[in-house]
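To start, the structure under review is shown below, and the notes come after it.
None of the values given here were measured: they were computed from a predicted structure. As the structure lists them, so they are numbered: ligands from 1, and atoms in each ligand from 1. We're numbering straight along the sequence, starting at 1.
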Amino acid sequence: MKFIVCKNYDEVMTEAAAIVAGVVREKPDCILGLATGSTPLGMYDRLVAEYEAGKLDFSRVSSFNLDEYYPISPDNDQSYRYFMNTNLFNRINIDKANTRVPNGSAADPEQECKDYEAAIDASAGVDIQVLGIGQNGHIAFNEPEDKLYAYTHLTGLTENTIKANSRFFENESDVPRQALTMGMASIMKARKIILLATGAAKCEAVKELLSDRITTAVPASLLKLHPDVTVICDEAAYNCN
Ligand code: PGA
């Protein structure tokens, strides 16, 4: 696991966008692994700016997203499909037919998970996976537990995550209680992973990444088993005060 420590949020986003843009330039038909959450927003803005400046072409790019609430309609403005469309896909020239987000309105969620994992396997493989990290060390909806799951699965949200995500909903009771999420192995199928962490609230989670422990109590710590992971963080997330 490699660490790049930047001064602040903006520098983390600039660094992350440069890495992703580099992959797109080098491999115009690359497959991006994308994440929602507030952290990557600045990276998406920078990729959009490069596209608008005529410096990036997404016409042959495809993507897989990490997760989606369940149940939720893709049109719901809190769905991760809606988030990706408004923050990235609608603003660049990617073919939306080539973007995948688990379907939060699938009638059979277990089958949707199987199909999603099969689609990842049938693809040429994710070239670069972008990850955020929860304050509790979760990645996607792989929450701290005695047992983690390898592949895309239906899971319950922890109280911690429901609280953290309730800021986007009118009431905490509106936050869906379940999600469809890539598992640890699905994420680690990516050839390269960048994990973005900013702000003091993430420093305990980053501290675990800096240690040599691997524990299901901090799902992101399992990324130490992957040969090409770069954590890009700001000083606040890197140094716990
Ligand atoms: P955040 O979420 O980017 O909104 O902090 C990250 C996560 O929970 O994975």
N/O pairs closer than 3.5 Å, ligand 1 and protein:
{"residue": "ligand 1", "atom": "3 (O)", "partner": "S38", "partner atom": "N", "Å": "3.3"}
{"residue": "ligand 1", "atom": "3 (O)", "partner": "T39", "partner atom": "N", "Å": "2.9"}
{"residue": "ligand 1", "atom": "3 (O)", "partner": "T39", "partner atom": "OG1", "Å": "2.5"}
{"residue": "ligand 1", "atom": "4 (O)", "partner": "S38", "partner atom": "N", "Å": "2.9"}
{"residue": "ligand 1", "atom": "4 (O)", "partner": "S38", "partner atom": "OG", "Å": "2.8"}
{"residue": "ligand 1", "atom": "4 (O)", "partner": "R167", "partner atom": "NH2", "Å": "3.1"}
{"residue": "ligand 1", "atom": "5 (O)", "partner": "K202", "partner atom": "NZ", "Å": "2.7"}
{"residue": "ligand 1", "atom": "8 (O)", "partner": "H138", "partner atom": "NE2", "Å": "2.7"}
{"residue": "ligand 1", "atom": "9 (O)", "partner": "H138", "partner atom": "NE2", "Å": "3.4"}

Salt bridge (charged side-chain N to carboxylate O under 4.0 Å, His left out) against R213, all qualifying residues, sequence neighbours excluded: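 Applying salt bridge (charged side-chain N to carboxylate O under 4.0 Å, His left out) to R213 gives E208.
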
Any residue meeting disulfide (SG to SG under 2.5 Å) with C30, in chain and number order, not counting sequence neighbours: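 C30 satisfies disulfide (SG to SG under 2.5 Å) with no residue once adjacent residues are dropped.
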
Residues forming a side chain to side chain contact (heavy atoms under 4.5 Å, CB included) with Y82, sequence neighbours excluded: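 Per chain and number, Y82 pairs via side chain to side chain contact (heavy atoms under 4.5 Å, CB included) with D77, S79, T86.
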
Minimum heavy-atom distance between N142 and T181, given as atom pair plus value: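 The pair with the smallest heavy-atom distance is ND2-OG1, 3.9 Å.
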
Sulfur-sulfur distance C6/C233 under 2.5 Å: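 Answer is no, sulfur atoms not closer than 2.5 Å.
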
Residues E159, R177: salt bridge by 4.0 Å N-O rule: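 Judged by the 4.0 Å cut-off on N to carboxylate O distance, E159 and R177 do not form a salt bridge.
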
